[in-house]
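To start, the structure under review is shown below, and the notes come after it.
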Amino acid sequence: MTQAVLVLNVGSSSIKYQLLALDDAGEGERLATGLVERIGGQDPGKLSHRPAGAEALECTEVFASHAQALDAVLDAFRTAGPDLDEVKPTAVGHRVVHGGSRFTTATVLDDEVVSSLGELNPLAPLHNPPNLTGIEVARAAFPGVPQVAVFDTAFHQTLPPAAYTYAVPREWREEYSVRRYGFHGTSHAYVSRRAARFLARPVEEANVIVLHLGNGASVCAVERGRSVETSMGLTPLEGLVMGTRSGDLDPAVPAYLQRVAGLDADAVDRVLNRSSGLLGLAGSNDLRDVNRDAEAGDEDARLAHAVYCHRIRKYVGAYYAVLGRVDAVVFTAGVGENDARTRALSMQGLEGLGIEVDPVRNASAERGERSVSAPGTRVPVLVIPTDEEIEIARQTLGALGHAA
Ligand code: AMP
């Protein structure tokens with residue numbers, strides 16, 4: 001049986017959405033995708049609605065609120081299809097960034113859950129409040145349609161205490177919930193499951209290291225289908241070098257900058273999140289620009305890519321030690337799926353661990369799920385395109401007791 005799910009990813013000034021039809025095996029078909037940008041401003045925003053196999057619709061108008069933007073999305077479905085009254089979505093699935101320690105799995109939204117989600121806002125002040133607005137607006141727009149929250153953190157709730165505990169005083173850990181949570185969980189869950197399938201092994205038997213390298217980037221050690229270590233922490237700042245985020249650095253850096261440069265905690269936080277990473281090192285957060293500049297001989301761009309790949313290599317070695325046995329290293333997201341140079345450079349020198357990228361396979365223009373290691377190497381290196389929306393839809397149906 002096929003069931004439709006409307007997946008909503010609501011940001012502070014945007015709504016991304018997809019209408020998906022899922023069969024019993026969890027395979028999905030996109031019925032429509034869309035995006036509303038610049039919500040809440042005085043300038044006109046833009047809505048792009050793309051129904052599968054039909055003409056796209058674009059409109060420009062002022063979207064004063066998320067509620068008004070969602071109304072415009074419903075209008076777009078009425079005008080350009082597919083007709084939601086005919087498709088009758090089984091549920092609405094919401095991407096929620098932070099689920100704290102309480103939400104270990106996708107959760108059906110009722111008044112009590114919505115109010116406890118509000119309590120998590122301090123943990124993710126940029127992301128959770130707009131997610132919550134999206135939930136409130138969608139509950140009003142789709143009365144009677146079950147709504148489910150799917151958390152970026154939930155997949156990592158299987159981390160053992162030794163991996164999620166920071167070595168800080170009890171008061172910080174207990175009063176202020178300071179611990180590692182991890183993010184990109186829907187992507188790591190989806191990709192690790194597909195990787196096991198690609199290897200023709202049951203998920204419960206496969207150990208994989210997933211490298212989600214997009215604008216945000218994180219690595220996850222997945223042991224027998226469960227996340228046991230991941231590089232993002234209390235917030236999505238820790239770990240790998242990202243488009244605009246620094247990733248790991250000495251925790252003393254903010255206090256040092258306060259002393260020597262007079263920057264307060266908020267200013268340092270902003271710089272580390274918004275103007276560091278590839279942007280801080282090479283002047284662009286897009287690796288395509290960095291690659292182009294590096295090829296043209298720009299030393300900053302070369303260093304940026306070397307730092308980026310060095311950090312990945314270091315984590316793969318560490319997570320190899322965490323897992324003990326690794327059945328595959330898997331690349332995914334914008335950089336991981338598309339940039340052969342990053343795959344090659346970040347895996348360089350890991351031959352001793354049985355990890356070796358094959359230059360010809362790696363450079364091939366092939367798309368989709370594939371191996372880029374030489375046949376017969378001990379640890380296959382795979383590329384598995386991520387699909388967070390399918391995973392959100394799958395988990396949404398799962399939370400409602402429907403198999404998918
Ligand atoms: P994502 O967050 O998964 O959408 O990834 C976005 C990022 O992927 C962009 O900012 C680029 O840095 C990177 N990216 C996308 N396509 C390519 C490509 N063909 N080569 C290198 N990097 C790419």
Side-chain angles (χ1 to χ4, degrees), residues 7 9-12 14-18 30 33-35 37 48 50 95 97 126-127 152 182-192 194-195 210-220 230-232 235-237 239-247 273-296 298 300-309 311-312 330-347 357 359 361-370 372 382-392:
V7 173
N9 182 352
V10 178
S12 56
S14 69
I15 298 179
K16 282 191 208 140
Y17 61 93
Q18 294 201 1
R30 277 181 176 74
T33 65
L35 170 67
E37 296 169 285
S48 324
R50 301 184 191 290
R95 177 184 183 217
V97 168
L126 297 179
H127 295 104
D152 269 14
F183 297 87
H184 289 145
T186 43
S187 178
H188 289 302
Y190 174 83
V191 170
S192 55
R194 297 293 304 193
V210 180
L211 292 158
H212 177 111
L213 310 177
N215 206 13
S218 71
V219 46
C220 183
T230 193
S231 58
M232 285 177 167
T235 76
L237 181 59
L240 298 177
V241 176
M242 310 180 211
T244 63
R245 286 173 242 161
S246 62
N273 275 290
R274 295 188 195 162
S275 30
S276 297
L278 293 174
L279 178 62
L281 290 170
S284 170
N285 67 327
D286 193 315
L287 195 64
R288 285 166 289 201
D289 300 337
V290 178
N291 280 342
R292 186 202 56 218
D293 294 349
E295 265 159 39
D298 182 314
D300 288 345
R302 284 189 183 163
L303 176 65
H305 195 239
V307 174
Y308 187 90
C309 291
R311 186 81 53 86
I312 295 170
V330 192
F331 283 87
T332 194
V335 175
E337 292 166 29
N338 296 303
D339 194 36
R341 213 170 140 254
T342 294
R343 293 193 296 262
L345 184 61
S346 61
M347 296 297 104
V357 167
R361 284 181 151 193
N362 189 40
S364 141
E366 200 188 327
R367 286 284 162 266
E369 298 182 355
R370 59 200 189 274
V372 293
L382 310 180
V383 177
I384 306 274
T386 193
D387 195 330
E388 290 169 270
E389 288 77 17
I390 290 268
E391 182 63 20
I392 291 173

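When a ligand or atom number is given, it counts from 1 through the structure's own listing order.
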Between E337, E388, H184, R288, flag the one that comes closest to atom 15 (C) of ligand 1 by a heavy atom.
R288

Say whether L287, considering both its backbone and side-chain N or O atoms, lies within less than 3.5 Å of an N or O atom on ligand 1.
yes

Kindly assign one of parallel, tilted or perpendicular to the pair H184 and H188, based on the angle between their ring planes and the thresholds 30° and 60°.
perpendicular

Counting distance only, does the side-chain N/O of R311 pair as donor-acceptor with the main-chain N or O of G239 below 3.5 Å?
yes

Return a yes/no value: protein heavy atom under 4.0 Å from atom 4 (O) of ligand 1?
no

D387/R30 salt bridge by N-O under 4.0 Å criterion
yes

Closest to atom 1 (P) of ligand 1 among G214, S187, A217 (heavy-atom distance)
G214

Any N or O of N215 closer than 3.5 Å to N or O of ligand 1:
yes

Decide yes or no on side-chain contact (heavy atoms from CB on, under 4.5 Å) for M232 and H212, but give the supporting numbers first.
CA-CA 11 Å; M232 285 177 167; H212 177 111; over 6 Å; no

Polar side-chain atom of R343 near backbone of N362 as donor-acceptor pair, under 3.5 Å:
yes

Look at atom 11 (C) of ligand 1 and say which protein heavy atom is nearest, naming residue and atom and giving the distance to 0.1 Å.
D286 OD1, 3.2 Å

Which option out of D289, V335, N338, L213 puts a heavy atom nearest to atom 18 (C) of ligand 1?
N338

Heavy-atom donor-acceptor pair, R341 side chain to D339 backbone, under 3.5 Å
no

Taking only heavy atoms of A333 into account, list the atoms of ligand 1 that are under 4.0 Å away from them.
3 (O)

Which ligand 1 atoms are under 4.0 Å away from a heavy-atom of G334?
1 (P), 3 (O), 5 (O), 8 (O), 13 (C), 14 (N), 15 (C), 16 (N), 17 (C), 23 (C)

D339 heavy atoms, cut-off 4.0 Å: which ligand 1 atoms fall inside?
21 (C)

Given side-chain contact (heavy atoms from CB on, under 4.5 Å), test T235 with R245 step by step and report yes or no.
CA-CA 11 Å; T235 76; R245 286 173 242 161; over 6 Å; no

